[in-house]
Amino acid sequence: MPTNRPMDVHAASPNVLEKVIGQDGVVEQVRVGLEAAWADGSKFDHALLVGPAGLGKSLVASVIAKELASDIHEVLGRLSLHPPT
């Protein structure tokens, strides 16, 4: 029976790196970094994701956080140049 409730747009977002589609080079680099951190028993080092809007930077960052069972701290670059007053 269909419901009239709107679907949360984030409900379809991937939770693991293997489910991220596109950006194969970025996904591979992140996978290598995650595997190295898990193998060493250390933390995943920081990551700076840059590029135009719509490439999936926030998505990849949230997947990294989920893979590590951690929080994500997102900073918009334009706000660092022009902080709100």
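Numbers for residues simply follow the sequence, beginning at 1.
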Rounded distance (nearest 0.5 Å) linking atom [atom1] of [X] with atom [atom2] of [Y]:
X	Y	atom1	atom2	answer
Ser13	Asn15	OG	CG	8.0 Å
Leu48	Lys57	CG	NZ	10.5 Å
Leu17	Arg31	CG	CZ	8.5 Å

**OP:** Answer whether the closest heavy-atom distance between the side chains of Glu67 and Val16 falls below 4.5 Å.
**Re:** yes
Original post:
Are any non-hydrogen side-chain atoms of Val32 and Glu28 less than 4.5 angstrom apart?
Top reply: yes
I need the minimum non-hydrogen distance between [X] and [Y], along with the two atoms involved.
X	Y	answer
Leu59	Pro14	CD1-CD, 3.5 Å
Val30	Phe44	O-CE1, 4.2 Å
Ala65	Ile72	CB-CB, 4.0 Å

Subject >> Cluster check Val27, Leu55: I/L/V/M/F/W/Y, side chain < 4.5 angstrom >> reply: no
